[in-house]
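Input: a single structure, listed below in structure tokens.
As the structure is a prediction and not an experimental result, all values here were calculated from the model. Lettering follows sequence order; numbering is per chain, from 1.
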Amino acid sequence: MHDTSTHAAAHHGPPTSFIRKHVFSLDHKVIGKQYYGLGLVAVIIGMVLSWVMRIHLAWTAYPIPGLHLLSGTGAPGNVMTPEFYLQVMTMHATFMVFFVLTVVPFAAFGNFFLPIHTGAEDMPFPHFNMMSFWTTFVAFCVMLLSFFVGDGPTLGGWTQYAPLSAVGAVAGPGQGSGVIIWATSIAIFCVGQLFGALNFIPNVLDLRCKGMSMWRLPMPTWAWFITSCMGLTSFSVLMPACILLILDHVAGTSFFVASNLVINDQLQPHSGGSTLLWQHLFWFFGHPEVYIAIVPGMGIVSHVLITNMRKPMLSHRVLVYSMGALAVLSYMVYGHHMFVSGMNPFSSLVFSFPTLLITIPSTVIVLVWIGSLYGAKLRINAASLFALGFISMFITGGVSGFFLAQPSIQILLHATYFVVAHFHFTMAIAALFGIFSGTYFWFPKMWGRMMNDNLGKLHFWLTFIGVYAIFMPMHYLGLAGNVRRYQAFVVDYMQPLVGVHQFITIAALFTGAVQLIFIYNFIHSRFWGEPAPENPWQGTSLEWSVPSPPPHDNFGGKHPVVYHDPYQYGVQSSTGDYLMQDSPEQVKGAQDEP
Amino acid sequence: MAKLLAVTIVVIAILSAIPIIRNTWHPLPDVSAHGQAIDDQLSETMWEAGISFLASQIILAWFIWRYSGNRPGEKTKTFPGGATGLVAAAVILVGVEVFALGIFGVKAWANIYFTPPGADAMPVQVQAGQFAFYFRYTGPDGTFGAIHPEMLSEANQNFYGIDTDHDSDAKDDIVTAEMAVPVNREIRLLMHSKDVSHSFYVPALRIHQDFVPGLDLQIHFTATKVGRYEIVCSQLCGLGHYNMKAYLSVLSQDDFDAWLKKQAALQ
Amino acid sequence: MKSHYVRKLAAVLPALVLVCAGAVLLSQKVNAAGGGSITGTVKLSGTAPHMKGIDMSKDPVCSKAHDTNPAKMENVLVGSGDGLENVVLYISQGLTGNEAPSSQEPTFAQKGCMYTPHVLALNVDQKFKVTTEDQTTHNIHPLPDPTAGNIGWNKSQPPAAPPIETSWKNQEVAIPVKCNIHPWMHGWFVVVKGPYATTDDKGSYTIQNVPAGSYTVTAWQEDLGTQTAKVTVAAGSAAKADFTFKGK
Amino acid sequence: MATTIHEPPKVEERRLPGRGSPGNGDFRNLVPSDGKLPAVQDYAPAPAKTGIWVVLAAIAMSFAAFTSALIVRQGSAMDWHHLVLPRILYLNTLVLLASSVTLEIARRRVAVFMTGARTLDLSPARWLYVTLCLGLVFVAGQYAAWQQLRSEGLYLATNPASSFFYLLTAIHAMHVLGGLVGLTYVMRKLYRVVLRRSTLDTFSYYWHFMGILWVYLLLLLWMKL
């Protein structure tokens with residue numbers, strides 16, 4: 001290593017103090033694990049919040065023991081009040097979308113594996129990388145703070161539609177300090193993710209090792225690269241939107257608040273703001289955000305599947321092009337969230353067609369996966385089960401998109417549980433399956449120990465059946481006109497649906513409890529698992545060419561050289577049915593020309 | 001275990017389809033003049049989505065069943081036709097399918113949004129506020145009085161902020177908490193929000209439109225069946241969102257006249 | 001060094017004791033037992049304004065409660081003999097400033113989706129309870145004037161929830177209170193210092209426990225405004241002050 | 001178990017990727033390792049040069065978002081009041097553009113400086129100081145513009161035009177100040193004789209972008225407010 005090199009690793013040798021090693025570490029692997037830990041804490045919070053919501057929805061008047069611990073005033077006699085329900089719902093969505101679905105598949109796995117996949121010693125700007133995690137952590141703490149400040153967190157939903165979010169405390173509990181804290185936290189979060197993109201993009205473009213052409217990058221790295229491009233252009237729009245929202249609160253401006261609003265018999269001192277402006281800005285971020293959550297999952301699942309199918313994908317490039325197409329289209333379709341929002345009805349039609357167009361790359365991706373299974377020698381383990389589950393979930397979530405892409409059908413289904421089912425299947429559950437798949441697959445590399453595969457399989461089976469039991473019935477609720485974001489069902493035609501809600505709640509409690517298996521497995525394997533070999537799954541990409549866990553600069557001072565495309569399986573080499581990317585061996589049938 | 005997964009996927013797919021095929025849960029029966037087009041569109045989409053759903057889940061399950069496990073001696077194979085065939089299939093089949101859906105859907109949408117209301121449509125104003133709807137009828141003069149936001153007071157039951165003392169247009173306005181419309185008469189609905197965003201969702205009438213504060217929108221519809229239906233809010237508007245609802249009575253013309261008279265007396 | 005602190009402490013402690021004792025002496029409440037009272041009636045002259053009926057069809061729980069007895073607005077309630085109900089009488093001038101808040105804990109009930117009482121008079125720091133008897137969730141949303149120093153709140157009360165117990169920190173005439181879920185629900189908190197009274201359905205009132213002295217009594221009605229009268233109370237006897245509001 | 005061969009002993013040249021799509025590792029060893037040079041010609045492409053485009057893209061997107069907010073807000077408003085831009089803004093524009101020029105001069109001199117021709121005449125530091133001063137003058141000028149608006153009774157919340165004026169100019173000024181902090185970093189590196197070409201180039205991209213952004217903002221404010 002040259003001490004004058006701009007290479008990140010050159011700037012910092014292995015740290016020795018605990019703080020530099022584990023807390024303010026510049027090492028992308030430690031930062032990846034920190035992100036993973038943050039995601040784990042956030043997912044537990046989000047899940048507990050969803051339990052509380054589900055129990056309340058099914059048995060509205062039933063006290064939930066201990067609920068008063070969560071809020072001093074929101075749960076008199078442990079029965080949830082409407083505002084507390086909405087606050088819990090908002091926080092569930094916020095924690096899940098931002099601090100789990102964005103953080104884990106993208107920031108956690110991406111940080112750990114992207115530099116290894118490209119053959120780099122570290123990210124190009126390790127200090128920014130460290131700041132990326134710590135700003136995200138601050139954002140997380142600020143968001144958590146809102147439970148304890150004023151009258152609690154905001155109740156406006158994670159979409160924070162103005163003017164409910166912009167007029168202040170008069171609009172309801174949590175709409176004063178709660179919204180300010182929410183917007184501040186999200187703005188900080190945006191900064192953190194922009195720091196992330198600042199590292200990911202130059203790493204892929206500039207720090208690839210010798211021989212690592214773009215097309216030799218493994219699938220997850222392509223996915224992270226595409227995701228970071230999306231993150232770059234969408235978080236940089238959400239942040240200005242949050243700034244405008246905060247200014248409407250604290251500085252008395254009127255960006256989002258229209259004239260002549262009367263709330264609680266008080267004429268609001270705002271004039272002329274545009275209600276739809278917030279929705280435009282938000283969904284310009286919000287729709288790409290859905291793909292920020294799902295595209296890394298696609299990459300991870302492809303990676304896991306290929307390794308376990310023992311054959312390459314039908315086409316590496318088609319997958320990459322399709323993910324790219326999803327990314328580009330995601331900016332052109334955001335209006336489908338606003339079909340009945342009062343946009344010009346003509347724009348609704350204009351937005352409808354690119355939305356329908358998105359089914360094409362999505363279908364291509366699914367077909368390539370399924371087509372690749374043809375003729376495979378599929379290994380069944382926890383990681384591949386979750387990857388297969390991901391495909392099933394993604395199909396289910398995808399077909400409900402047919403309905404929601406059409407403005408005329410949205411008249412029936414907009415803001416109903418059909419939408420809840422749709423986005424949970426696609427962005428939430430599919431992404432979580434991607435996370436689980438990645439965890440079972442990469443755990444040996446990240447922590448140097450094997451996870452218990454039998455427990456992993458059990459976890460898969462119960463989770464797979466559980467999530468279908470939770471979210472499939474929500475489609476039926478939506479068809480029957482059950483509006484979402486209701487804390488109780490006082491509407492007459494929704495009364496017959498309460499039984500379905502009770503079924504869903506039981507399934508949710510069951511599925512949530514099943515996650516304890518994962519947590520046990522995770523903690524137990526972390527400390528007492530079998531030590532992991534270098535390449536437990538006989539993989540080909542660079543992460544399997546280094547020890548588990550990798551040394552400080554990933555490659556032990558050597559510079560890897562890459563000779564092959566990433567997925568050379570089903571070939572006869574000296575090592576078996578696969579050929580590693582950095583193996584100079586020449587094998588008949590291996591595709592190694594880019 | 002792969003075979004078990006395959007069976008599970010198929011069983012889940014079929015179980016999911018059963019309530020749809022048996023129509024266990026379905027939208028409320030349509031009582032509007034324009035709703036049939038939406039219902040047709042929904043059922044067409046349901047067919048196409050349902051077939052895609054079942055077909056892809058079953059093929060996925062079949063491949064998992066067939067191609068799992070290390071089968072010594074057998075070499076891995078590539079899907080006949082490779083990726084090019086699949087991409088072509090996706091683009092042609094799915095592309096044509098969804099575009100057909102999209103284009104047919106335009107008709108249903110245009111019915112509601114691109115046709116202007118008839119000249120004799122009855123104007124009704126609906127005002128959304130946290131957390132109730134209030135409706136306004138013009139009274140005999142056929143015009144609505146102006147809204148004075150500063151006069152709006154729920155405490156005095158002046159829900160619209162109208163000046164009945166000085167405004168001659170407002171004197172005969174009838175403000176109600178329940179909506180009633182005559183059957184088979186086109187209604188021009190003027191939507192006004194007094195505070196935040198709300199939504200006017202009448203599943204039975206196949207109407208769904210957000211209120212935009214600062215921007216008064218209009219929609220129009222004709223109810224074709226006498227009965228009592230529910231109007232609910234579907235846009236998160238605050239803590240009472242779940243309880244923001246009103247009843248819509250579709251009455252015969254005579255009943256409606258009587259109802260309006262009774263409401264006028266209560267003003 | 002150490003003894004220095006001890007000496008200082010020795011000097012400070014007695015001073016502290018003195019200050020405390022003085023504070024206690026000064027804050028000795030005026031003994032109200034031997035005080036007089038102010039009594040009278042509040043009437044309405046002219047025609048009473050029309051009180052609109054309330055349409056509660058939005059929430060069947062509410063409309064059911066008024067099946068037989070249709071609900072009406074309660075802004076101006078005229079009882080027998082033109083007596084005005086829900087007028088709050090309080091002493092606006094002449095107080096010594098040492099009055100103890102009333103020790104009673106009144107209830108502000110939500111019943112049939114209306115507030116009972118419609119107007120609740122309170123002392124500063126006097127505790128009161130908000131209760132619900134309805135099988136529907138209410139939210140109680142008092143809207144004090146931000147400049148008066150009271151902090152507003154907005155809390156829901158589901159059916160059978162325990163009462164909310166609270167008080168107001170500053171004088172304010174008057175704080176409107178409403179329920180957003182049921183927009184017609186509307187009431188008042190009148191927060192005053194010193195003795196107060198609220199008129200009954202005949203319009204009569206008695207302010208008890210008024211020490212001897214000269215006072216200005218203010219009558220407050222939510223729609224009709226305020227009127228004042230000067231009275232002199234002799235120890236142990238009742239002074240009289242009648243008010244007449246003019247109907248609009 | 002995989003046995004991995006790290007050292008590529010005998011590789012046919014043709015097996016290495018062709019010119020069309022190389023990995024970047026090729027450039028890694030171009031750096032002189034004696035550490036003696038005042039500033040090093042680092043390997044190309046430097047990640048910082050890609051990184052700065054990422055940063056500029058993020059800033060550009062943010063201002064695009066503000067711009068669309070301005071246009072939508074103006075389109076929906078009945079309360080839009082025309083705002084006369086303070087004259088001093090035009091002067092500030094000249095100052096900022098001049099600072100771009102001085103930075104460019106400094107950059108070229110550093111290039112010469114790095115080849116070893118160290119003469120006092122060519123000292124690039126002087127021009128960096130001038131750039132720094134001009135940057136500070138620009139921010140002070142913006143402050144003067146805000147003062148002028150305040151004296152006219154136009155505050156942040158007075159009307160939407162003034163809201164956008166303060167918002168856009170303040171956020172731009174914050175970015176300029178951030179750039180000045182970066183400039184002091186560059187100057188410190190220059191004095192410690194470890195300045196890399198890519199650092200200075202990166203900074204100059206940022207600084208020129210601030211100039212372009214300001215001209216864009218000025219046009220936007222001039223046309224729309």
Side-chain angles (χ1 to χ4, degrees), chain A residues 82-83 157 161 163-164 171-172 258 260-263 265 267 275 311 314-315 318 340-342 345 352-353 356 359-360 363-364 367 370-371 373-378 380 392 395 399 402-403 406-409 411-412 414-415 468 472 476 479-481 483 485-488 490-493 570, chain B residues 1-2 9 12 16 19 25-28 38 41-42 45 49 52-53 56-57 59-60 63 67-68 70 76-77 79 82-83 86-87 90-91 94-95 98 102 105-106 108-109 113 149-150 152-154 194-197 203 206 208-210 212-214 217 230 232 234 236 238-239 242-243 245:
Chain A
E83 60 268 30
Y161 272 17
L164 180 65
N260 291 332
L261 301 190
V262 183
I263 303 181
D265 289 357
L267 191 60
T275 304
K311 65 180 283 252
L314 268 185
S315 171
V318 166
V340 299
S341 277
S352 150
F353 281 91
L356 287 164
T359 48
I360 293 177
T363 314
V364 169
L367 286 184
I370 296 182
L373 277 173
Y374 179 90
K377 291 181 171 184
L378 186 63
I380 297 296
S392 176
I395 294 171
V399 290
F402 282 23
F403 297 83
Q406 301 175 49
S408 53
I409 298 182
I411 290 176
L412 271 171
H414 179 78
Y468 265 114
M472 207 66 208
Y476 314 138
L479 283 173
V483 177
R485 290 169 163 177
Y486 275 12
Q487 70 99 24
V490 297
V491 177
D492 299 349
Y493 75 82
Chain B
M1 190 165 282
I9 289 177
I12 286 176
S16 307
W25 290 283
H26 50 79
L28 296 179
I38 295 174
Q41 186 71 14
L42 179 69
T45 311
S52 318
F53 170 71
S56 18
Q57 298 281 14
I59 295 171
L60 172 69
F63 282 3
Y67 296 110
S68 60
N70 184 16
T76 53
K77 288 181 288 187
F79 190 76
L86 281 180
V87 172
V91 171
V94 181
V98 296
V106 171
W109 185 253
Y113 284 99
E150 70 285 357
L152 196 150
S153 161
E154 287 174 338
K194 84 175 175 68
D195 41 35
V196 301
S197 292
R206 305 295 187 263
H208 202 153
Q209 179 63 53
D210 280 7
V212 184
L217 302 167
E230 272 168 300
V232 297
S234 71
L236 182 56
L239 63 91
Y242 75 103
N243 201 354
K245 60 180 191 122

Can you tell me which of [options] forms the most heavy-atom pairs within a distance under 4.5 Å of chain A?
options	value
Asn70(B), Ile59(B), Leu152(B), Leu217(B)	Leu152(B)
Phe53(B), Tyr113(B), Tyr67(B), Phe63(B)	Tyr67(B)
Ser52(B), Ala90(B), Pro213(B)	Pro213(B)

Looking at [options], which one has more heavy-atom pairs under 4.5 Å with chain B than the rest?
options	result
Ile411(A), Val490(A), Thr363(A)	Ile411(A)
Ser315(A), Ser392(A), Gly570(A), Ala171(A)	Ser392(A)
Ile409(A), Val340(A), Ile380(A), Val483(A)	Val340(A)
Pro82(A), Ala258(A), Gly157(A)	Pro82(A)
Val364(A), Val318(A), Leu373(A), Ile360(A)	Leu373(A)
Ser352(A), Ala480(A), Gly172(A)	Ala480(A)

Under a 4.5 Å heavy-atom cut-off, does chain A meet the side chain of [X], its backbone, both or neither?
X	result
Leu42(B)	both
Ile12(B)	side chain
Lys194(B)	both

Legend entry - Tyr374(A) and Phe79(B) aromatic ring geometry - parallel, tilted or perpendicular at 30°/60° bounds: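 Perpendicular, since the angle between the ring planes exceeds 60°.
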
Inset, instruction - Verify, without hydrogens or angle tests, whether Asp265(A) (side chain) and Glu154(B) (backbone) share a donor-acceptor contact under 3.5 angstrom. - result: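 It does hold such a pair.
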
Inset, instruction - For Gln41(B) and Ala108(B), indicate whether the former's side chain and the latter's backbone hold a donor-acceptor pair under 3.5 Å. - result: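 No, because the side chain of Gln41(B) does not come within donor-acceptor range (under 3.5 Å) of the backbone of Ala108(B).
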
Legend entry - CG-CG distance between Leu314(A) and Leu86(B), expressed to the nearest 0.5 angstrom: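 It is 6.0 Å, given to the nearest 0.5 Å.
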
Legend entry - Spacing of Ser408(A) atom OG and Ile38(B) atom CD1 [to the nearest 0.5 Å]: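 Atom-to-atom, Ser408(A):OG and Ile38(B):CD1 are 6.5 Å apart.
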
Legend entry - Close side-chain approach of Thr275(A) to Pro163(A), heavy-atom, < 4.5 Å: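 Yes; the side chains approach each other to less than 4.5 Å.
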
Inset, instruction - Would you check if Leu412(A) and Arg206(B) make a side-chain contact, meaning some heavy-atom pair closer than 4.5 Å? - result: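 A side-chain contact exists here, since the closest heavy-atom pair is under 4.5 Å.
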
Inset, instruction - Below 4.5 Å from any heavy atom of chain B, which atoms of Leu267(A) appear? Answer side chain, backbone, both or neither. - result: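 Leu267(A) touches chain B through side-chain heavy atoms alone.
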
Legend entry - For Phe353(A), all residues meeting ring pair (Phe, Tyr, Trp, His ring centres under 6.0 Å), sequence neighbours excluded: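 Checked Phe353(A) against ring pair (Phe, Tyr, Trp, His ring centres under 6.0 Å); matches are Phe99(B).
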
